[in-house]
**Student:** 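Pasting a structure below so you can have a look.
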4 protein chains.
Amino acid sequence: MSKTDKREMVLHAALELIAEKGFHDAPMATIAETAGVSAGTIYRYFENKDDLIREIYSYLEGNIWAAIKKNYPEGRPIRERFLHIGQSLMGYFLVSPMEFRFIEQFQNSPYGVDCRRDKFFGKKDKDLVTELFEEGLNQQIIKDLPLPILSALSFGPLIDACRDHILQFIELDDTLINQIIEANWDAIRR
Amino acid sequence: MSKTDKREMVLHAALELIAEKGFHDAPMATIAETAGVSAGTIYRYFENKDDLIREIYSYLEGNIWAAIKKNYPEGRPIRERFLHIGQSLMGYFLVSPMEFRFIEQFQNSPYGVDCRRDKFFGKKDKDLVTELFEEGLNQQIIKDLPLPILSALSFGPLIDACRDHILQFIELDDTLINQIIEANWDAIRR
Amino acid sequence: MSKTDKREMVLHAALELIAEKGFHDAPMATIAETAGVSAGTIYRYFENKDDLIREIYSYLEGNIWAAIKKNYPEGRPIRERFLHIGQSLMGYFLVSPMEFRFIEQFQNSPYGVDCRRDKFFGKKDKDLVTELFEEGLNQQIIKDLPLPILSALSFGPLIDACRDHILQFIELDDTLINQIIEANWDAIRR
Amino acid sequence: MSKTDKREMVLHAALELIAEKGFHDAPMATIAETAGVSAGTIYRYFENKDDLIREIYSYLEGNIWAAIKKNYPEGRPIRERFLHIGQSLMGYFLVSPMEFRFIEQFQNSPYGVDCRRDKFFGKKDKDLVTELFEEGLNQQIIKDLPLPILSALSFGPLIDACRDHILQFIELDDTLINQIIEANWDAIRR
DNA sequence: AATGAATGAGCTTTCATTCAT
DNA sequence: GATGAATGAAAGCTCATTCAT
């Protein structure tokens, strides 16, 4: 098992356990056991539990951007690109409920708040979505609202819908997914 | 200090600490200290920590419904009632950031999931919002989507906006609040 | 409710609870509740929990001696008196399983050890049984063994049998009871 | 200090403390301190306090059976074997007062009751003593009484005598020990 | 590099006892 | 006398992290 392998084993074991049990019911010892390494080994690859958690999120964020960028209709109308992003996001979450549950927990925790703060106050590169919104604002296609609000209108309901699906409160299908994304578009378009 | 006072001291101390630090970083000992009572006293009023947490939520839920019902424009058009609900909710959250953060944590936790399950699977009475949606569906004023989706489209962005305001990522004012609620209306109306 | 009544209510409540749950699972608060008095009231009648426990034992000891003395065949042969004592004891225990369980717990605890120490080192009056043994020794009817040993040979198996009956490991009837007592007599007689 | 050493340190520390103070006055913290390990370490070797207690008993039971089996006069008359068992038991207890007091407490507790229930209702293998009694019953050498009664007649007084010796109420010597065991034999033989 | 036993501070909860009313 | 709310010291147990091997 190579160095990278071990790191990944730990990362996935932690992702799985935390998704299922929550941050506080996923002891490092259990993560180690699930990953097939010793408890001490985790600390070779991650500074501490917080660091491990943030690294998992970072990894998942990468996956999500990759999912969005796949077949991204660059150059096509804003609405079309918006729908693509929504579909990619929901598609990703619905086939990866474990990842979704991790992300949900992360967002809703001190980690997530820090992360969001970094995002809004520019410690991160401007992303695809921000660019899309800014373009839409410039072209007066979408409502003149602050970016965080546009983001909330676009993705908040989408995430809630995924959660309700994963918790089996509702049953999402392609039609419904598209209706939701269209509704989000209705919320932000002029 | 009367009997009721102590219960309330504990309830508010717990609300405050949990809002600020999270469930797992608000030890009973600290709650007791903040409330100005001994650790054992908490257990005279609440069965255990879980019970305390659920009681706080229950109390806050009462506040929220009271806020919504205040000046509720009964008999007025659906859109008007919808806007009232949105305004009441955001109004309540923005003057009670602590309560907001508690509720957010609660919703996003096993407690909240249980609570939501009860709501959707009928262990709770039909509420004002459900009635409003059903009326709107009947009159073909709002989109034909499942209730949880309508709920997500209506309140998801609203909550996200409150959070961003409370975390000082954005600055909400009355104009912006109304724009958000109108956008939510655009999302659900036909 | 008179003063004496309250004391007795507490005493019986404690007896019942301790018999069923054990010393450490019979909180003073529960005893008070069962007795229909307040927690503080217990401390008017008993110095503390230890004192309460010792008083219960003392009370039960009185009952037992009374049971033994009832129809005691004073003046009859030693063997007859021995059999009477055994029958009285077992009879008492079998109709009072709660009392039995309390006594068993008491005997087998620091309380019981202290109590036994007092008995052997003469802080208590010489009792009926001791007198019987001494008479038997003098008359060379029973084996020349120390009193505690004679006591053990006579009553140990009897208590064990009661316990096994109460725990439903065996089913005692009059025949069996008499066989046991006779066997005990065989153990101590010359 | 090897792995096994630590487990044994804990086991012996717990045995000692519980023997002296009782289950409820032997906190895990004190056991750890006595054993020279940290509180958490105990839980590496024992699931919880109950488990620790049961493991100690199991260990002592092993010792006792070993003591009985040592020089066991297999094939010799029942009476001789009976005397051997009695002598072995008392011998073991008298040189191991701590073990004795632990066992006494264990027997007289929910643990012991469960253990006894298992024994009588067949969850354990038939043991040497049961075999001896059954043989004696078949050969009509010992009284026709249920096994638990024979057991009580044989070992009850023996245990009581050991307790009185350990508590220094009496002073056992070889002569007296043999007299007691002979008396027990008198109790069960026809 | 990897191990995993050991640590010990920290958690939630209980309960004998007190004392203001 | 009686109350019962309040106390606070302990209890059993967990787990992130370290470090000798």
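A quick note: this is a predicted structure, and the numbers were derived from the prediction, not measured. All chains are named by letter (A, B, ...) in the order of the sequence lines, taking the proteins before the strands, and each is independently numbered beginning at 1.
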**Student:** Looking at every non-hydrogen atom in both residues, tell me the closest pair between A:Phe93 and A:Ile166 and how far apart they are.
**Tutor:** O-CD1, 4.2 Å

**Student:** Taking atom P of F:dG1 as reference, at what distance in whole Å does atom CG of C:Asp5 sit?
**Tutor:** 14 Å

**Student:** Please name the pair of heavy atoms, one in C:Leu15 and one in C:Ile56, separated by the smallest distance, quoted to 0.1 Å.
**Tutor:** N-CD1, 3.8 Å

**Student:** Looking at E:dA2, I'd like to know if its phosphate oxygens (OP1 or OP2) sit under 4.0 Å from a side-chain N or O belonging to A:Lys6.
**Tutor:** yes

**Student:** Send over the distance from A:Ile42 CD1 to F:dA16 C1', rounded to a whole Å.
**Tutor:** 10 Å

**Student:** Nearest 0.5 Å, please: how far is CD1 in B:Ile18 from CZ in B:Phe106?
**Tutor:** 10.5 Å

**Student:** Whole-Å distance between E:dA16 C1' and C:Asp51 CG?
**Tutor:** 14 Å

**Student:** For F:dA5, does either OP1 or OP2 sit under 4.0 Å from a side-chain N or O belonging to B:Thr41?
**Tutor:** no

**Student:** Do you know which of A:Gln105, A:Arg116, A:Arg54 makes side chain to side chain contact (heavy atoms under 4.5 Å, CB included) with A:Tyr111?
**Tutor:** A:Arg54

**Student:** Which pair of non-hydrogen atoms, one from C:Tyr57 and one from C:Cys115, has the smallest distance, and what is that distance?
**Tutor:** CE2-SG, 3.6 Å

**Student:** Give, for atom CG of D:Asn108 and atom CD of C:Glu104, the distance between the pair rounded to the nearest 0.5 Å.
**Tutor:** 4.5 Å

**Student:** Mind jotting down which residue pairs meet the side-chain hydrogen bond (donor to acceptor under 3.5 Å, both in side chains) criterion with at least one end in residues 22-43 of chain D? Sequence neighbours excluded, please.
**Tutor:** D:Ser38-D:Thr41

**Student:** Without decimals, in angstroms, what is the distance between A:Asp50 CG and F:dC15 C1'?
**Tutor:** 14 Å

**Student:** Under a 3.5 Å cut-off for both contacts, is F:dA2 paired Watson-Crick or G-U wobble with anything, and if yes, with which nucleotide?
**Tutor:** E:dT21

**Student:** First locate atom CG of A:Asp50, then atom CG of A:Asp114, and finally report the distance between them rounded to the nearest 0.5 Å.
**Tutor:** 9.5 Å

**Student:** Calculate the interatomic distance between D:Asn48 atom CG and F:dA11 atom P; express it in whole Å.
**Tutor:** 17 Å

**Student:** Rounded off to whole Å, could you give me the CG-to-P distance for the A:Leu17 and F:dC15 pair?
**Tutor:** 12 Å

**Student:** Can you tell me how far C1' of E:dT14 sits from NE2 of D:His24, to the nearest Å?
**Tutor:** 13 Å

**Student:** Go through E:dT17, E:dA6, E:dA2 for me and flag the one nearest to the D:Arg44 side chain.
**Tutor:** E:dA6

**Student:** Starting at atom NZ of C:Lys49, determine the distance to atom C1' of E:dT14, rounded to an integer number of angstrom.
**Tutor:** 11 Å

**Student:** Can you tell me how far apart CZ (C:Arg44) and NZ (C:Lys6) are? Round to the nearest 0.5 Å.
**Tutor:** 10.5 Å

**Student:** For E:dA1, which nucleotide in any strand shown is its Watson-Crick or wobble partner with both distances under 3.5 Å?
**Tutor:** none

**Student:** Indicate whether OP1 or OP2 belonging to E:dA6 is found under 4.0 Å from a side-chain N or O atom of D:Tyr45.
**Tutor:** yes

**Student:** Report all interatomic pairs (protein N or O, nucleotide N or O of nucleotides 18-21 of chain E) with separations under 3.5 Å.
**Tutor:**
none

**Student:** Does anything in residues 25-33 of chain B reach DNA chain E, meaning a heavy atom under 4.0 Å, and if so which residues?
**Tutor:** B:Pro27, B:Met28

**Student:** For C:Glu47, does the CD atom sit with more than 12 other heavy atoms under 6.0 Å from it, leaving out its own atoms?
**Tutor:** no

**Student:** Between E:dT7 and D:Ser38, is there an OP1 or OP2 to side-chain N/O distance shorter than 4.0 Å?
**Tutor:** yes

